[in-house]
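Residue indices begin at 1 and follow the sequence shown. Just so you know, these numbers come straight off a predicted model, no measurement behind them.
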Amino acid sequence: MEEAVRKGDKVAIAGNYQYLAVTQGHFAQRWWHKLRLATAVRLAASSPFQHVLDVGSGSGTLLLFLPDTYKNYTGIDANEAAVSFCKKQFGAAKNQFIQARFEAIQSLPSEAYSHVFLLEAIEHIA
């Protein structure tokens with residue numbers, strides 16, 4: 001039997017959804033997202049942040065918590081609106097945003113990243 005390929009979410013997610021949750025959401029929502037992101041960065045800080053890959057980057061909220069010393073960041077997300085938002089919000093030369101489905105990470109060179117995060121995507125993987 002052939003496996004069905006998921007084409008996207010059944011509900012449209014605004015490109016700035018996670019960003020607004022972190023910066024303007026209800027107190028409990030802001031607290032949850034900030035604590036989760038800050039903890040992930042703190043736990044990953046045992047080595048310097050060099051080349052960061054954020055799979056399922058959403059609206060790029062991980063960038064709000066990375067130390068300024070990271071060398072480059074690649075965010076990959078299937079949501080075109082989120083990628084567009086990230087390019088406008090975080091358009092620094094050291095930041096790259098790719099619109100692609102989860103499976104596209106197979107084509108990225110694994111040795112190119114010092115840190116890989118998967119914080120906004122697990123609920124979207126079929």
Side-chain angles (χ1 to χ4, degrees):
M1 177 179 277
E2 190 172 315
E3 189 175 328
V5 176
R6 186 172 175 173
K7 299 289 184 192
D9 292 312
K10 292 180 180 179
V11 176
I13 300 170
N16 63 352
Y17 173 77
Q18 295 90 355
Y19 183 83
L20 292 178
V22 170
T23 60
Q24 300 175 25
H26 181 276
F27 169 77
Q29 185 183 36
R30 284 193 324 266
W31 175 83
W32 161 249
H33 286 284
K34 286 181 178 183
L35 181 63
R36 183 176 55 82
L37 290 161
T39 300
V41 168
R42 183 174 44 83
L43 291 173
S46 60
S47 61
F49 290 94
Q50 300 288 317
H51 310 288
V52 177
L53 175 62
D54 189 5
V55 180
S57 55
S59 53
T61 54
L62 180 64
L63 284 164
L64 299 172
F65 295 87
L66 288 178
D68 292 337
T69 55
Y70 73 93
K71 292 203 176 177
N72 59 55
Y73 167 96
T74 300
I76 183 170
D77 201 285
N79 184 345
E80 182 179 355
V83 172
S84 178
F85 172 81
C86 287
K87 287 178 179 179
K88 291 175 188 165
Q89 186 70 28
F90 303 108
K94 65 182 183 177
N95 298 334
Q96 174 185 359
F97 304 97
I98 301 169
Q99 185 203 352
R101 292 188 21 206
F102 178 78
E103 296 82 0
I105 64 171
Q106 296 174 30
S107 64
L108 298 173
S110 61
E111 67 279 358
Y113 302 100
S114 61
H115 294 78
V116 177
F117 292 89
L118 182 72
L119 301 172
E120 298 286 356
I122 196 74
E123 67 273 20
H124 301 283
I125 299 172

- [ ] Check whether any side-chain heavy atom of L62 sits under 4.5 Å from a side-chain heavy atom of L64, and report yes or no.
- [x] no
TODO: Considering non-hydrogen atoms only, spot the tightest contact between L119 and A40 and give its length.
DONE: CD1-CB, 3.9 Å
TODO: Could you pull out the closest heavy-atom pair between G58 and A82, with the gap in Å?
DONE: O-CB, 3.4 Å
Task: Minimum heavy-atom distance between G56 and D77, given as atom pair plus value - done: C-OD2, 3.2 Å
TODO: Can you run down the salt bridge (Lys or Arg N to Asp or Glu O under 4.0 Å) pairs that involve residues 21-43, sequence neighbours left out, and say none if there aren't any?
DONE: R36-E120
Open item on the list: Please give me the minimum heavy-atom distance between D68 and K94, naming the atom from each residue.
Closed with: O-NZ, 2.9 Å
Task: Minimum-distance pair of heavy atoms, taken over all atoms of G60 and C86 - done: N-SG, 3.4 Å
Task: Student check: side-chain heavy atoms of I76 and D54 closer than 4.5 Å - done: no
Open item on the list: Under a plain distance cut-off of 3.5 Å, with no hydrogens placed, do S59 and Q18 share a side-chain donor-acceptor pair?
Closed with: yes
- [ ] Answer yes if W32 and L35 sit in the same cluster of Ile, Leu, Val, Met, Phe, Trp and Tyr residues linked by side chain heavy atoms under 4.5 Å apart, and no otherwise.
- [x] yes
Open item on the list: Can you confirm whether T74 sits close enough to Y113 that some side-chain heavy atom of one is under 4.5 Å from a side-chain heavy atom of the other?
Closed with: yes
TODO: Taking the side chain as every heavy atom from C-beta outward, state whether L53 and F117 have any atom pair closer than 4.5 Å.
DONE: no
Task: Backbone of E80 reached by a side-chain donor or acceptor of S84 within 3.5 Å - done: no
- [ ] Just do the side-chain contact (heavy atoms from CB on, under 4.5 Å) check on V22 and Y17 with the steps written out, would you?
- [x] CA-CA 9 Å; V22 170; Y17 173 77; over 6 Å; no
Task: Any side-chain heavy-atom pair of Y73 and F97 under 4.5 Å - done: yes
Open item on the list: What verdict does the side-chain contact (heavy atoms from CB on, under 4.5 Å) test give for V83 and I98, after you've listed the backbone C-alpha separation in whole Å, the side-chain angles of each residue and the deciding distance to 0.1 Å?
Closed with: CA-CA 7 Å; V83 172; I98 301 169; over 6 Å; no
- [ ] Go through the side-chain N and O atoms of Q89 and Y19 and say whether any donor and acceptor fall under 3.5 Å apart.
- [x] yes
Open item on the list: Looking at every heavy atom in both S114 and P48, which two are closest together, and how far apart are they?
Closed with: OG-O, 4.0 Å
Open item on the list: Could you measure the distance from the NE2 atom of H51 to the NE2 atom of H115? Nearest 0.5 Å is fine.
Closed with: 11.0 Å
Open item on the list: Any heavy-atom pair between the side chains of N95 and N72 that's under 4.5 Å?
Closed with: no
- [ ] Show your reasoning for whether side-chain contact (heavy atoms from CB on, under 4.5 Å) applies to Y70 and V41.
- [x] CA-CA 12 Å; Y70 73 93; V41 168; over 6 Å; no
Open item on the list: Check this for me: F85, atom CZ, are more than 12 non-hydrogen atoms of other residues, nucleotides or ligands nearer than 6.0 Å?
Closed with: yes
Open item on the list: Less than 6.0 angstrom from the centroid, inside 45 degrees of the normal: does K71 satisfy that with respect to the ring of F49?
Closed with: no
